Amino acid sequence: MTRKGFDELSKIADVIVTGSPILQNLIKREYRDKAVYLTTTDGDIWSRVDNKTIEQRLSTLESEVRVIWVGTFPGLGCLKQVMPAMDLLGETIEKQNRQLVMTVVCDFPLEYEPNHFSLRNIQWEREVAIHEMLSAHVGLMPLNEGESSEGKCGFKLIQYLSAAMPVVGSDVGMNKMIITEKCGRPLKGFKAEEWCEAIKSLVANKDMFEEYCIGARKQWEMNFSYNEMFDKWKNLLTF
C-alpha cells in the first residue's frame with residue numbers, strides 16, 4: 001500500500017486496529033486517536049491443552065528434547081541462522097543420553113544437514129501444526145533486526161504460549177513484550193552458544209520445565225487470551 005493510500009484510509013476510518021503498539025507509529029499523528037491495539041491470538045490450540053499435555057511432554061523429556069518452528073517460507077532464512085546452535089545443543093545433550101529433534105512445520109522444507117540432531121520437515125496443515133506444537137518442548141521465533149521485523153506481531157510466539165510451551169525468540173519488536181523470564185528467553189543476534197544455552201536452560205530438568213510450561217500458559221491467559229480479544233473485536237464492531 002502506498003503512503004497516500006494508507007493516509008486516506010486512516011482519514012475515513014472510525015477505528016484503526018494494530019497488532020502491536022509499534023505499528024501505531026506508522027499512523028499520522030492527526031489520526032492516532034483512532035488507533036486501538038489488539039494483540040494477535042489463536043483460538044485453535046488452548047482448549048486442547050490439559051494436564052495430560054504437560055505430562056506427556058515430561059515423559060518424553062528424559063530421552064528427547066523437541067524443538068519446533070512453525071511458519072512460512074520467508075522465515076526460513078532466519079531459522080537457518082540458528083541451526084549451528086541446534087547442532088551445538090544436540091552435541092551437548094548427547095552426553096545426557098538425550099536426542100535433539102528439530103521439527104519445521106512449513107510450506108517449504110528447511111534445507112540443512114544436521115550433525116547432532118534429527119531434522120523433521122513437515123508440510124504445514126492446520127491440524128498437523130497443532131499436533132506438533134502440543135507434543136514439542138520449546139518453540140522458536142528467530143528474527144533479523146530491521147524495520148520489517150520490528151512491525152511483526154509475534155503470532156508464532158503467541159501460538160506456542162497457547163499450547164503451554166516455553167519459547168526462545170529474538171529480542172525484536174513485539175517479541176520483547178511477549179517473552180518473559182517465566183515463559184522463555186529473549187536473545188539478541190544469532191550466537192550459537194547463546195541460543196544453545198537458552199534452550200538448555202528451559203529443559204534442564206522436569207520440575208523446571210513444568211514451571212516454564214505453566215508460565216507460558218499464564219502469559220497467554222493474562223495477555224493474549226482468545227476469548228478476551230474476541231470480545232474486544234465484537235465491541236469494536238458493534239455500532
Side-chain angles (χ1 to χ4, degrees), residues 1-54 68-72 74-75 105 107 124-134 136 139 141 143 147-167 169 172-180 182-184 186 213-239:
M1 179 178 291
T2 64
R3 180 77 236 186
K4 182 179 179 181
F6 180 73
D7 291 342
E8 187 62 28
L9 288 175
S10 298
K11 179 180 179 180
I12 65 175
D14 295 304
V15 179
I16 305 171
V17 180
T18 68
S20 161
I22 298 168
L23 293 176
Q24 294 186 2
N25 295 327
L26 296 176
I27 304 168
K28 274 191 169 182
R29 290 189 181 275
E30 60 197 278
Y31 306 130
R32 284 185 193 173
D33 60 335
K34 302 178 182 182
V36 175
Y37 159 53
L38 292 180
T39 69
T40 59
T41 190
D42 190 311
D44 285 340
I45 306 174
W46 67 277
S47 61
R48 308 189 196 194
V49 177
D50 55 26
N51 290 335
K52 289 184 179 179
T53 306
I54 297 178
I68 192 169
W69 180 89
V70 180
T72 55
V105 184
D107 50 339
W124 187 92
E125 291 181 21
R126 184 181 299 276
E127 286 299 320
V128 170
I130 292 171
H131 170 77
E132 293 294 340
M133 281 188 274
L134 290 174
M141 187 173 176
L143 291 173
E147 187 176 357
S148 177
S149 294
E150 287 288 337
K152 288 185 178 293
C153 299
F155 178 65
K156 199 188 318 292
L157 289 177
I158 294 169
Q159 275 194 310
Y160 299 151
L161 296 179
S162 75
M165 177 167 48
V167 297
V172 175
M174 185 69 180
N175 286 14
K176 297 177 182 179
M177 299 175 61
I178 298 172
I179 307 173
T180 70
K182 293 185 178 180
C183 70
C213 288
I214 294 170
R217 181 64 176 196
K218 286 182 178 178
Q219 172 69 338
W220 183 84
E221 289 175 344
M222 290 174 60
N223 297 298
F224 309 104
S225 163
Y226 174 82
N227 287 336
E228 183 178 341
M229 292 305 131
F230 184 62
D231 286 342
K232 287 182 177 180
W233 271 108
K234 285 194 295 184
N235 290 334
L236 277 178
L237 297 173
T238 300
F239 296 99

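This structure is a prediction, so every number in the text was calculated from the model and none was measured.
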[X]/[Y] ion pair, N-O < 4.0 Å:
X	Y	result
Glu228	Lys232	yes
Asp231	Lys234	yes
Arg3	Asp7	yes

Can you find a pair of side-chain heavy atoms, one from [X] and one from [Y], that are under 4.5 Å apart?
X	Y	value
Thr72	Trp124	no
Met174	Pro21	yes
Asp44	Tyr226	no

Using a cut-off of 6.0 Å, state whether more than 12 heavy atoms not belonging to [X] lie near its atom [atom1].
X	atom1	value
Glu30	CD	yes
Lys218	NZ	no
Phe230	CZ	no

Calculate, to the nearest 0.5 Å, the distance between atoms [atom1] and [atom2] belonging to [X] and [Y] respectively.
X	Y	atom1	atom2	value
Leu143	Lys156	CG	NZ	8.0 Å
Asp42	Ile158	CG	CD1	9.5 Å
Leu157	Met177	CG	CE	12.5 Å
Ile27	Thr18	CD1	OG1	6.0 Å
Phe155	Thr39	CZ	OG1	10.5 Å
Leu236	Met229	CG	CE	11.0 Å

What are the two closest non-hydrogen atoms of [X] and [Y], and how far apart are they?
X	Y	result
Pro166	Cys213	CD-SG, 3.9 Å
Ser162	Trp220	CB-NE1, 3.3 Å
Phe6	Leu26	CE2-O, 3.4 Å
Val70	Ala129	CG1-CB, 4.4 Å
Ser225	Thr41	C-OG1, 4.2 Å

For [X] and [Y], indicate whether the former's side chain and the latter's backbone hold a donor-acceptor pair under 3.5 Å.
X	Y	value
Ser20	Cys153	no
Tyr31	Leu9	no
Arg48	Ala163	no
Lys34	Ser10	yes
Gln24	Arg32	no
Asp50	Thr53	yes

Checklist line | Audit row: Met165, Met133, side-chain contact (heavy atoms from CB on, under 4.5 Å) steps and yes/no | finding: CA-CA 8 Å; Met165 177 167 48; Met133 281 188 274; 4.2 Å; yes

Notebook entry, point to check: Given the rule in the side-chain contact (heavy atoms from CB on, under 4.5 Å) test, do Tyr160 and Ile45 qualify, once you have shown the distances and angles that lead to the verdict?
Noted result: CA-CA 9 Å; Tyr160 299 151; Ile45 306 174; over 6 Å; no

Next item on the list: List the steps, then state whether side-chain contact (heavy atoms from CB on, under 4.5 Å) holds for Arg217 with Trp46.
Entry: CA-CA 9 Å; Arg217 181 64 176 196; Trp46 67 277; 3.3 Å; yes

Next item on the list: Please report the C-alpha distance between Trp233 and Val17 in whole Å, then the side-chain angles of each, then the deciding distance to 0.1 Å, and finally whether the side-chain contact (heavy atoms from CB on, under 4.5 Å) criterion is met.
Entry: CA-CA 10 Å; Trp233 271 108; Val17 180; 3.7 Å; yes

